[in-house]
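Everything below concerns the one structure shown next.
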Amino acid sequence: ISPSMNTRPNASSSKRSSAACPLSTAVARCPSSSSNPTATSRLIVDCGFNKGVVASRLLQKLPEFSLVGFEVQQDIQGCADNVKKRFPGRKIDVIYAAVGDKDGAVAYYEPSKWGKNYKGGTTTVADKRSMSVNYEQPKTAPSIDFSRWLAENVSDAHFVFVKMDIEGGEYGVIEHLLATGAIDRIDVLAVEWHADKFPEPTRTKYLDIEKRIRRYADDNRITVMDWY
């Protein structure tokens, strides 16, 4: 979808609120078939699937949407089956790979302690400041070029909601989305930002990427919102 051909609904909603995005707000930005009949396919892309808790909530709230999840942690692959059993008949696919700016393999780092999300804080970015992440024992996972994946799997007929919570990896992915134009495949992008977890000058660089994606979204009828 090129910017000039963008036919997204609710163009006025591209202005972000100052608060973090609750799930109910994200759901409200995702139209049903009756409110947006031009989109014949509706897709949730959950970058940071974890055990599928948020994915399950989204599937429950958005009954017309299918889902593709991405998760870097390799030891929780059985969780996808649990989500599929909960939503029989729904099109659900989980890819156990990191979203990134190129295809291949990537090192990732797990925390020694975490909160409500299993190994929450797991990251592919080595200089993220975290007391609990063990940077001395990296693991390896496949990495998928997210821009390429969108170009190959999303068409003009899709309405695409992307939730991105990838612990600092969002900046490289979003910069690549902007560079390749694949950002135009997304209608709603909800991101948990982590710039405050990085030292200078990386923090300032990442904040600039946040500004760039917001400016682009406002100019091209894409909704960008803060996840939590």
Side-chain angles (χ1 to χ4, degrees), residues 1-3 5-8 26 29-30 39-52 54-56 58-59 62 64-74 76-77 79-81 83-84 87 90-108 122-125 139-194 209 212-213 216-217 220-225 227:
I1 307 173
S2 68
M5 297 175 62
N6 200 325
T7 57
R8 307 178 194 281
R29 304 296 175 94
C30 297
T40 57
S41 298
R42 289 163 177 77
L43 177 65
I44 301 162
V45 183
D46 187 354
C47 301
F49 179 83
N50 199 264
K51 286 190 170 184
V54 171
S56 295
L58 288 167
L59 286 165
L62 297 168
E64 295 183 318
F65 281 64
S66 57
L67 181 138
V68 175
F70 290 91
E71 176 54 49
V72 69
Q73 297 179 65
Q74 301 297 295
I76 51 175
Q77 296 194 21
C79 295
D81 292 333
V83 175
K84 292 176 183 179
F87 298 93
R90 300 286 291 276
K91 188 175 180 181
I92 300 168
D93 186 25
V94 181
I95 301 168
Y96 283 89
V99 289
D101 58 3
K102 57 182 174 295
D103 296 311
V106 65
Y108 70 98
T122 296
T123 182
T124 59
V125 187
K139 297 184 177 181
T140 303
S143 176
I144 289 179
D145 181 332
F146 191 49
S147 293
R148 176 194 59 74
W149 185 90
L150 285 169
E152 292 178 358
N153 291 277
V154 172
S155 72
D156 290 1
H158 284 87
F159 182 96
V160 180
F161 168 75
V162 175
K163 170 233 143 189
M164 189 175 292
D165 183 4
I166 53 175
E167 300 297 328
E170 64 270 16
Y171 297 100
V173 173
I174 289 172
E175 195 167 39
H176 194 50
L177 287 171
L178 288 167
T180 60
I183 187 64
D184 296 314
R185 299 284 180 176
I186 299 172
D187 294 274
V188 179
L189 175 62
V191 186
E192 180 169 301
W193 306 103
H194 298 87
I209 293 172
R212 286 167 53 202
I213 184 61
Y216 187 89
N220 292 276
R221 300 172 64 190
I222 301 168
T223 299
V224 172
M225 56 179 62
W227 193 251

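Note that the structure is predicted; figures quoted are calculated from it, not measured. Residue numbers count from 1 along this sequence.
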key: Cationic N near anionic O, under 4.0 Å, E71 to K51   = no
inquiry  = Go through it in stages, so that I can follow the logic: the residues are D145 and K102, the test is salt bridge (charged side-chain N to carboxylate O under 4.0 Å, His left out), and I'd like the CA-CA distance, side-chain angles, deciding distance and then a yes or no.
reply    = CA-CA 4 Å; D145 181 332; K102 57 182 174 295; over 6 Å; no
note = When rounded to the nearest 0.5 Å, the distance separating CZ of F161 from CG of D187 is 11.0 Å
inquiry  = Show the nearest heavy-atom pair for residues A55 and D46, with the distance to one decimal.
reply    = CB-OD2, 3.5 Å
task = Could you pull out the closest heavy-atom pair between K84 and I92, with the gap in Å?
result = CE-O, 3.2 Å
ask   = Going by heavy atoms in the side chains, are V125 and E167 under 4.5 Å from each other?
value = no
request  = Flag the pair D101 / R148 as yes when at least one side-chain heavy-atom distance between them is below 4.5 Å, and no otherwise.
outcome  = no
request  = Verify, without hydrogens or angle tests, whether H176 (side chain) and V173 (backbone) share a donor-acceptor contact under 3.5 angstrom.
outcome  = no
task = Drop me the distance from I44's CD1 to L58's CG, to the nearest 0.5 angstrom.
result = 5.0 Å
note = Distance col, row F146:CZ vs D103:CG, nearest 0.5 angstrom, shows 12.5 Å
task = Check whether any side-chain N or O of R90 sits under 3.5 Å from a backbone N or O of S66 as a donor-acceptor pair, and report yes or no.
result = no
inquiry  = So which atom in A97 and which in S143 form the shortest heavy-atom distance, rounded to 0.1 Å?
reply    = CB-N, 4.5 Å
inquiry  = Does the plane of the ring in W193 sit parallel, tilted or perpendicular to the ring in Y171? Use 30° and 60° as the thresholds.
reply    = tilted
task = Please check if the side chain of S41 supplies one atom and the backbone of A157 the other of a donor-acceptor pair under 3.5 Å.
result = no
request  = Check the pair I213 / I183 against side-chain contact (heavy atoms from CB on, under 4.5 Å), numbers first and verdict last.
outcome  = CA-CA 9 Å; I213 184 61; I183 187 64; 3.7 Å; yes
query = T180 and L177: which non-hydrogen atoms are nearest, and at how many Å?
reply = OG1-O, 3.4 Å
remark   = All heavy atoms of V72 vs all of A98, minimum pair found to be CG2-CB, 3.9 Å
Derivation and outcome, salt bridge (charged side-chain N to carboxylate O under 4.0 Å, His left out), residues R212 and E175 = CA-CA 9 Å; R212 286 167 53 202; E175 195 167 39; 3.4 Å; yes
task = Check L67, I76, I95 against F49 for a side-chain contact (heavy atoms from CB on, under 4.5 Å) and give me the one that passes.
result = L67
key: Separation between OH of Y96 and CD of Q74, rounded to the nearest 0.5 Å   = 9.0 Å
task = Using a 4.5 Å cut-off on heavy atoms from C-beta on, say whether the side chain of Y108 contacts that of T123.
result = no
ask   = How about Q73 and N50: do any of their side-chain heavy atoms sit closer than 4.5 Å?
value = yes
inquiry  = Would the distance check show the side chain of E170 and the main-chain N or O of H194 forming a donor-acceptor pair, the cut-off being under 3.5 Å?
reply    = yes
message = Does M225 form a side-chain contact (heavy atoms from CB on, under 4.5 Å) with R29? I'd like the steps, not just the answer.
response = CA-CA 10 Å; M225 56 179 62; R29 304 296 175 94; 3.3 Å; yes
query = Which value, rounded to the nearest 0.5 Å, describes the distance between F65 atom CZ and C30 atom SG?
reply = 4.5 Å
Separation between CE of M164 and CZ of F70, rounded to the nearest 0.5 Å = 9.5 Å
query = Between I166 and C47, what is the shortest heavy-atom contact and its length?
reply = CG2-O, 3.6 Å
inquiry  = Which residue is it: V160, V45, V68? I am looking for the one with a side-chain contact (heavy atoms from CB on, under 4.5 Å) to V154.
reply    = V160
inquiry  = Evaluate L178 against Y216 for side-chain contact (heavy atoms from CB on, under 4.5 Å), listing each step before the verdict.
reply    = CA-CA 8 Å; L178 288 167; Y216 187 89; 3.8 Å; yes
ask   = Under 4.5 Å between any side-chain heavy atoms of V83 and V94, yes or no?
value = no
